[in-house]
2 protein chains.
Amino acid sequence: MSQHRHPGAPGSAGAVPALPDLPEATVARLPEYLRALHNLADTGHETVSSEGLATAAGVNSAKLRKDLSHLGSYGTRGVGYDVAVLIGQIESVLGLTQNRAVALVGVGNLGHALAGYDGFASRGFRIAALFDADPARVGEEINGLVVRHIDELPRVAAEESIAIGVIATPAAAAQQVADELVAVGVTSILNFAPCVLSVPEGVDVRKVDLAIELQILSFHEHRKASLTGLPATGGSALTALPGGLAATDSQEAIGT
Amino acid sequence: MSQHRHPGAPGSAGAVPALPDLPEATVARLPEYLRALHNLADTGHETVSSEGLATAAGVNSAKLRKDLSHLGSYGTRGVGYDVAVLIGQIESVLGLTQNRAVALVGVGNLGHALAGYDGFASRGFRIAALFDADPARVGEEINGLVVRHIDELPRVAAEESIAIGVIATPAAAAQQVADELVAVGVTSILNFAPCVLSVPEGVDVRKVDLAIELQILSFHEHRKASLTGLPATGGSALTALPGGLAATDSQEAIGT
DNA sequence: CGCGATTTGTGCACGTCTTCACAAGCGCCT
DNA sequence: AGGCGCTTGTGAAGACGTGCACAAATCGCG
C-alpha cells in the first residue's frame, strides 16, 4: 500500500485537524466501526463502551481502543464513547463528509450489480457516471444513469471531478481503463478485474477478487478436512466436531 | 483469522501432502500467484524466475520466494520454477483439485452478478444451487440454475455436499442464513452482507464489503488532498517538493 | 465531599510479516 | 573439467500489528 511518509515536523504544534498518519490496519477497520456505530445510533444508543462497540464490529476491545486513540478520540472514562461524536470523527478522518463522485467502468454482470448497489450512496459515495466500451451497452439506463461510451470519460471528468474510479471490466481491458482513468486525474481505483494494474506513483489501487476469496476459503476447508482425519472428497455434512481443534476467531475484516 | 492449532501429533503419520501450516499472509497470496502462473502457461512459458512471477503477481520477489519455500517448493537454482509443476503444487495446497460445490444465498442485485460470474468455474468452484427467501424470485432461472426457496437448503445439502456458502442477502437476513448454512454442515462462508456474522468455532467466515473498500480509498484520497493542499501546521520547514515524497508500491493484495 | 465502580488510554511484550543480503546450487560455455 | 553467471532458498534484522494488564480519569452515590 502507499507508503506513508513521516510529516516533516515531528512534534507538530497541535493543528486541530491533526493529520492522522494512521496505521493502515486501523484505517481498514474504521469503516467497520462506522457501520456498527450507525446501527447503534439507529437503535437509540447515545453512548457505547469500547467493549460494546468492539463486539458489534467483531474485534477485540483493546484493539478498538487503540485504533480510536490514534485519531485522538473523544471518549470519557467510566462512560464510553458518544456515538454521534464518534461517527463524526470517523467520517471526518475518512473524508466522507464530502460527497465523492465515483465513475464506474464496465457495465457487465458485476457492473450492473455495483451500479444498483445502494450501500454506496448510504456512505457518501455517488455514482456519477457509467461507462462501457461496448456500443451495444451504451445508452442503456441503469438505476437512473445512462451508460456512456468510455471515450466520453475525459469530457465527463472535465465537468465533474471524479474522485474514485471503479473498474468492473474483463481483465483484458482493465489496464487500458486504468490508464485512461489516471489520464483524467483519478488517483484512487477500485479494481474488480482479476489482474494486476500498473499505475504511477501517487495512485492508490485496491483490488477485490471474488475468486481469490473462495480459494482462500478452499484452503482452510482443505486443511480442516485433512486434520479431521481423512475424508478426502465428500466432506459430508455432519462431521461431528472433533472437540480438540479450536479454530477460533473467524470473522475477519477482508482487508488486510 | 482462524487460529491454527498445531496438529496434536507433530510427527504425524505421513500424510502424503505434508500438512503445510502456511502463514495466513502467504495463503492469501497464493491465488494471485496461481492466476499469474496460468497467464504465463497460456502464453507458452515453461519456466519463470521468481522475479518474473513476482512482477506478474505484483509483489516483491523475496516475498514470493519465501512464500513458495513454505510449501516446499520445487524450483531450480539458476533456472527458476517450472510453471506447470508450480501450478500443480499450489492447486494441491489450496485444495482446488477437488471441485467444490458452492451454494449462493440471495439472488438480488449482487447475487445475480455472482451467479453469472465465470471466474468461479474457472478456478474449480461450481455453483451448485441458488437460494432466496423471496417467493417471487424462486423459480427464476439464472445461468442455467433455478432459484430455490431457502427452506429447501437442507434437502439440497443432503443430496450434494456443499463446501462453501456465499451470502449475498441484505444484512438483516445474513445472520439467519449463516445459521442455516452452519446447520447443514457448511464450514466456510463468504459474506457479502455488511454485517458481522457470529458462527461457531471451526467455521471460517470471510467478508467482502464493497462500501468498505471505497471508504478506505476515500481516506487515502482525503489524505493526499490535505497534503498537497494545505501545508498543515506552522512547521517552519515546509515539506519539500511533493515530487520528493515517494508513495510507492501501490497495487496491493486485498487481503490483509 | 470522598469513595468505589467503571471505562478509557497506553506501555510493554509477543507474534507475524516483510525485506535485505548472501551462501548454496544449477546450467552453460569455454 | 572447470569456472562463471544466474537464481533459489533462507538467516537475521527490522517494521508492523496485536493483546495483556494496569494506571489515570470520570461518574454516581452515600
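Just so you know, these numbers come straight off a predicted model, no measurement behind them. Protein chains get the first letters and strands the later ones, always in sequence-line order, with residue 1 at the start of each.
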For Arg65(A) and dA23(D), what is the distance between atoms CZ and C1' respectively, to the nearest whole Å? 13 Å
Choose from dT8(C), dC17(C), dT10(D) the nucleotide whose nearest atom is closest to any side-chain atom of Glu24(B). dC17(C)
Calculate the interatomic distance between Lys63(B) atom NZ and dC17(C) atom P; express it in whole Å. 11 Å
Between dT7(D) atom P and Asp82(B) atom CG, what is the distance in whole Å? 16 Å
Indicate whether OP1 or OP2 belonging to dC20(C) is found under 4.0 Å from a side-chain N or O atom of Asn60(B). yes
Of the non-hydrogen atoms in Leu22(A) and Leu71(A), which two are nearest, and what is the gap between them? CD2-N, 4.3 Å
Any N or O donor-acceptor pair under 3.5 Å from the base of dT19(C) to the side chain of Lys66(B)? yes
So, are Asp21(A) and Arg223(B) salt-bridged, with charged N and O less than 4.0 Å apart? no
Here the distance between atom P of dT8(D) and atom NE2 of His70(B), to the nearest Å, is 16 Å
Do Thr97(B) and Glu91(B) pair up side chain to side chain, a donor and an acceptor below 3.5 Å, judged on atom types alone? no
Is Glu32(B) paired with Arg29(B) through a side-chain N to carboxylate O contact shorter than 4.0 Å? no
Quick one: Leu68(A) CG to dT7(C) C1', roughly how many Å, whole number? 13 Å
dG9(D) P sits how many Å from Leu64(B) CG, rounded? 10 Å
Each nucleotide in nucleotides 25-30 of chain C should get exactly one letter: B, S or -. Can you fill that in based on protein heavy atoms under 4.0 Å? BBS---
Answer with yes or no whether the side chains of Tyr74(B) and Asp82(B) bring together a donor and an acceptor at under 3.5 Å. no
Between dT16(C) (P) and Arg29(B) (CZ): distance, integer Å: 15 Å
Taking OP1 and OP2 of dT7(D), is either one under 4.0 Å from a side-chain nitrogen or oxygen of Ser50(B)? no
Find the distance Asp67(B):CG to dC17(C):P and express it as a whole number of Å. 10 Å
From the options dT7(D), dT8(C), dC17(C), select the nucleotide whose nearest atom is closest to the side chain of Ser49(A). dT8(C)
OP1 or OP2 of dG9(D) under 4.0 Å from side-chain N/O of Tyr81(B): yes
Enter the distance from Leu86(A):CG to Thr47(A):OG1 here, rounded to the nearest 0.5 Å. 11.5 Å
Determine whether a donor-acceptor pair (N or O, by modelled atom type, separation under 3.5 Å) exists between the side chain of Asp179(A) and the backbone of Ala183(A). no
